Amino acid sequence: MIKSSKIYIAGHRGLVGSAILKNLEAKGYSNFVTRTHKALDLTDSTAVANFFALEKPEYVFLAAAKVGGIVANNTYRADFIYANLMIQNNVIHQAYLHGVKKLLFLGSTCIYPKNCPQPMKEDYLLTDVLEYTNEPYAIAKIAGIKMCESYNLQYGTNFISVMPTNLYGPNDNFDLEKSHVLPALVRKMHLGKALENNDWEGIRKDLDRLPIEGVNGSSEKDVIYSILDKYGIQQKEDAVYLEIWGSGKPMREFLWSEDMADACVFLMENRDFKDCYADGTKEIRNTHINIGTGKDIAIKDLGEVIKKTVGFKGTLFFNTDKPDGTLKKLTDPSKLHQLGWKHTIELGEGVAKAYQWYTR
Ligand SMILES: NC(=O)C1=CN([C@@H]2O[C@H](COP(=O)(O)OP(=O)(O)OC[C@H]3O[C@@H](n4cnc5c(N)ncnc54)[C@H](OP(=O)(O)O)[C@@H]3O)[C@@H](O)[C@H]2O)C=CC1
Ligand SMILES: C[C@H]1O[C@H](OP(=O)(O)OP(=O)(O)OC[C@H]2O[C@@H](n3cnc4c(=O)[nH]c(N)nc43)[C@H](O)[C@@H]2O)[C@@H](O)[C@@H](O)C1=O
């Protein structure tokens, strides 16, 4: 890419897409094409074809997808497989038809088997069964990797894929039910702290992002108590109790979204599909690259880190009716390290930055 290259960032307002745009701007790129979801629904094949014909981008970062946490993935299984297959099929195929010079596809580490050897190397893809809670999403992501590889092998395109671990940062989704664990717990503990401090103004301000449905005859406080209870935040006598889904035992690896964006731009600048041929292998497969820190933490301990950062003093409890998901999914980022890129933000600093962003 040169600084004047025409770059399309699909999903530029999301967690990753916004960080990619910011990173590119900081590096002096300036010729961007963007569309909101409302302006261009990427599941609409005709609209996507018209968009590529009109804009003819030279480079594409495909950071638009239907994304959510464990419960959203497990509940809206049809939506996750349909939307993700459609978005990536449309964008990757049109990128091929319109001669895009390079495209970056974003997968996820949930593509690896449920009981994958740890840490997970790129070559462990498709060696065993997937985790059930996000199988439809993972299958769409695997299809995306294989689509990029297949177009490269048959048509000579230059489409590369990355498999990021769990991400967090500015513009994350803080929905109390559909989001990922880290933003969910940041918000829940923020609400828990407000409740233990009797900060009703703070609670009201936060819940403004939710529809507060009035219940006939109930006081506003009762309505708020019932909303908080629905999301696992309860006040009993003088203490506040806060629910953590599952057993707290699963291990997860977290990467700051701006580090993730920096890795994506680094690879767009430094890695081509043809580099996969370097070792002389005839069967070209598993050409994607893991993006992670190589360090993980138990959900229970993540809860303690967030609790300390937010300043919540209540009690955490575990709801084992909610799914644990995969027990461990730690990336092996050595391929990326060998190429010369490593993360910079550790979890403690990242959680503090995420909380600062949420309460900005
Ligand atoms: N967040 C994470 O922990 C991880 C994310 N990833 C991957 O990274 C990529 C980016 O994820 P993330 O930034 O977290 O997701 P976000 O939900 O924050 O952003 C996704 C973006 O895609 C847009 N989008 C969704 N559906 C459509 C559509 N039909 N048409 C047009 N635009 C659409 C959204 O627009 P709008 O908001 O307007 O709907 C939004 O801007 C995805 O491929 C995801 O699978 C991988 C591993 C972990
Ligand atoms: C990025 C990745 O994200 C998803 O996978 P996941 O890692 O399982 O996602 P998660 O962040 O939602 O949960 C991580 C762990 O944390 C526990 N947990 C505790 N308390 C809360 C909680 O309050 N909210 C959530 N969401 N989880 C909680 C939760 O029970 C689980 O054990 C994939 O579907 C797929 O989309 C994907 O690729």
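All ligand and atom numbering here is 1-based and tracks the order in the structure. Everything numeric in this text was worked out from a predicted model, so none of it was measured. FYI, side chains are in, hydrogens and waters are out, and symmetry mates aren't considered; it's all heavy atoms of this structure.
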Looking only at protein heavy atoms, which one is nearest to [atom], and how far off is it?
{"atom": "atom 23 (C) of ligand 1", "value": "A64 CB, 4.0 Å"}
{"atom": "atom 17 (C) of ligand 2", "value": "W245 O, 3.9 Å"}
{"atom": "atom 30 (O) of ligand 2", "value": "P323 O, 2.6 Å"}
{"atom": "atom 34 (O) of ligand 2", "value": "N73 ND2, 2.9 Å"}
{"atom": "atom 35 (O) of ligand 1", "value": "H37 CB, 3.7 Å"}
{"atom": "atom 45 (O) of ligand 1", "value": "Y137 OH, 2.5 Å"}
{"atom": "atom 31 (C) of ligand 2", "value": "D324 O, 3.5 Å"}
{"atom": "atom 33 (C) of ligand 2", "value": "N134 ND2, 3.1 Å"}
{"atom": "atom 5 (O) of ligand 2", "value": "K329 NZ, 3.5 Å"}
{"atom": "atom 4 (C) of ligand 2", "value": "H180 CD2, 4.0 Å"}
{"atom": "atom 42 (C) of ligand 1", "value": "A65 CB, 3.5 Å"}
{"atom": "atom 28 (C) of ligand 2", "value": "V181 CG2, 3.4 Å"}
{"atom": "atom 5 (C) of ligand 1", "value": "L167 CD1, 3.8 Å"}

Side-chain donor or acceptor of [X] paired with backbone N/O of [Y] under 3.5 Å:
{"X": "K328", "Y": "P250", "value": "no"}
{"X": "N74", "Y": "I70", "value": "no"}
{"X": "N84", "Y": "Y137", "value": "no"}
{"X": "N290", "Y": "M120", "value": "yes"}
{"X": "D296", "Y": "L330", "value": "no"}
{"X": "S179", "Y": "L176", "value": "no"}
{"X": "E253", "Y": "I297", "value": "no"}

Give a yes or no on whether the ring-centroid distance for [X] and [Y] is below 6.0 angstrom.
{"X": "F273", "Y": "F159", "answer": "no"}
{"X": "W200", "Y": "Y225", "answer": "yes"}
{"X": "Y155", "Y": "Y151", "answer": "yes"}
{"X": "H180", "Y": "Y168", "answer": "no"}

[X] neighbourhood, listing ligand 2 atoms whose heavy-atom distance to it stays under 4.0 Å:
{"X": "I299", "answer": "15 (C), 16 (O), 19 (C)"}
{"X": "G68", "answer": "36 (O)"}
{"X": "S108", "answer": "37 (C), 38 (O)"}
{"X": "C110", "answer": "38 (O)"}

Exercise for review: State whether any protein heavy atom lies less than 4.0 Å from atom 33 (C) of ligand 1.
Suggested key: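 Answer yes: something from the protein, a heavy atom, is under 4.0 Å.
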Check your understanding: Does atom 37 (O) of ligand 1 have a protein heavy-atom neighbour under 4.0 Å away?
Key ->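 No; the ligand atom in question lacks any protein heavy-atom contact below 4.0 Å.
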Check your understanding: Is K188 near ligand 2, meaning one of its heavy atoms is under 4.0 Å from it?
Key ->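 Contact check K188 vs ligand 2: positive.
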Review point. Looking only at heavy atoms of G325, does any of them come nearer than 4.0 Å to an atom of ligand 2?
Key: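 Checking ligand 2 against G325, which is what was asked, there is no heavy-atom contact under 4.0 Å.
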For ligand 1, which atoms sit closer than 4.0 Å to a heavy atom of [X]?
{"X": "G11", "result": "21 (C), 22 (O), 41 (O)"}
{"X": "G107", "result": "6 (N), 7 (C), 46 (C), 47 (C)"}
{"X": "T43", "result": "29 (N)"}
{"X": "T165", "result": "47 (C), 48 (C)"}
{"X": "P164", "result": "46 (C), 47 (C)"}
{"X": "V16", "result": "8 (O), 10 (C), 13 (O)"}
{"X": "L40", "result": "30 (N), 31 (C)"}

Practice item. Nearest 0.5 Å please: distance from the CG atom of D128 over to the SG atom of C116. Key: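 These two atoms lie 8.5 Å from each other.
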Exercise for review: Starting at NZ of K313, measure out to CD of E196 and round the result to the nearest 0.5 Å.
Suggested key: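 If we round to the nearest 0.5 Å, K313:NZ and E196:CD are 6.5 Å apart.
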**Study point:** N or O pair under 3.5 Å between I70 and ligand 2
**Key:**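 I70 vs ligand 2: N/O contact under 3.5 Å present.
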Between [X] and ligand 1, which part of the residue brings a heavy atom under 4.0 Å of the ligand: side chain, backbone, both or neither?
{"X": "L62", "result": "neither"}
{"X": "I87", "result": "side chain"}
{"X": "M86", "result": "neither"}
{"X": "R35", "result": "neither"}

Check your understanding: Of the backbone atoms (N, CA, C, O) and the side-chain heavy atoms from C-beta on, which set of R252 has a member under 4.0 Å from an atom of ligand 2: side chain, backbone, both, or neither?
Key ->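 Under 4.0 Å from ligand 2, R252 contributes side-chain atoms alone.
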Is the closest side-chain donor-acceptor distance between [X] and [Y] under 3.5 Å?
{"X": "N31", "Y": "S4", "answer": "no"}
{"X": "N319", "Y": "E243", "answer": "yes"}
{"X": "T157", "Y": "N152", "answer": "yes"}

Review point. Does K141, backbone or side chain, put an N or O under 3.5 Å from an N or O of ligand 1?
Key: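 Yes; at least one N/O pair falls below 3.5 Å.
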Exercise for review: Over all heavy atoms of both residues, which pair between C148 and L103 is shortest? Give the atoms and the distance, please.
Suggested key: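 Minimum heavy-atom contact is SG-CD2, 4.2 Å.
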Options [options], ranked by nearest heavy atom to [atom], top entry:
{"atom": "atom 10 (C) of ligand 1", "options": "G169, A63, G14, G17", "answer": "A63"}
{"atom": "atom 26 (N) of ligand 2", "options": "S179, P250, A184", "answer": "S179"}
{"atom": "atom 8 (O) of ligand 1", "options": "V67, L106, N90, L15", "answer": "L106"}

Exercise for review: Sort out for me which residue in N166, I345, V351 forms a side chain to side chain contact (heavy atoms under 4.5 Å, CB included) with F254.
Suggested key: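 Among N166, I345, V351, the one that satisfies the side chain to side chain contact (heavy atoms under 4.5 Å, CB included) with F254 is N166.
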Practice item. Report yes or no: is the cationic atom of K6 (NZ for Lys, CZ for Arg) closer than 6.0 Å to the six-membered ring centre of F32, at no more than 45° off its axis? Key: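 Relative to the ring axis of F32, which defines the angle, K6 lies outside at least one limit.
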Point to revise | Lys/Arg cation over aromatic F312: K193, 6.0 Å, 45° cone | key: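 No, K193 does not lie over the aromatic ring of F312.
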Point to revise | Any S257 heavy atom less than 4.0 Å to ligand 1 | key: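 It does not, in that no heavy atom of S257 comes within the 4.0 Å cut-off of ligand 1.
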Check your understanding: Is ligand 1 less than 4.0 angstrom away from at least one heavy atom of D41?
Key ->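 Distance cut 4.0 Å: D41 passes for ligand 1.
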Point to revise | Residue from Y59, F61, F51 passing ring pair (Phe, Tyr, Trp, His ring centres under 6.0 Å) with Y8 | key: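 Answer to the ring pair (Phe, Tyr, Trp, His ring centres under 6.0 Å) test with Y8 among Y59, F61, F51: F51.
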Exercise for review: Please work out whether the ring planes of H93 and Y96 are parallel, tilted or perpendicular, with thresholds of 30° and 60°.
Suggested key: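 Geometry flag for Y96 against H93: tilted rings.
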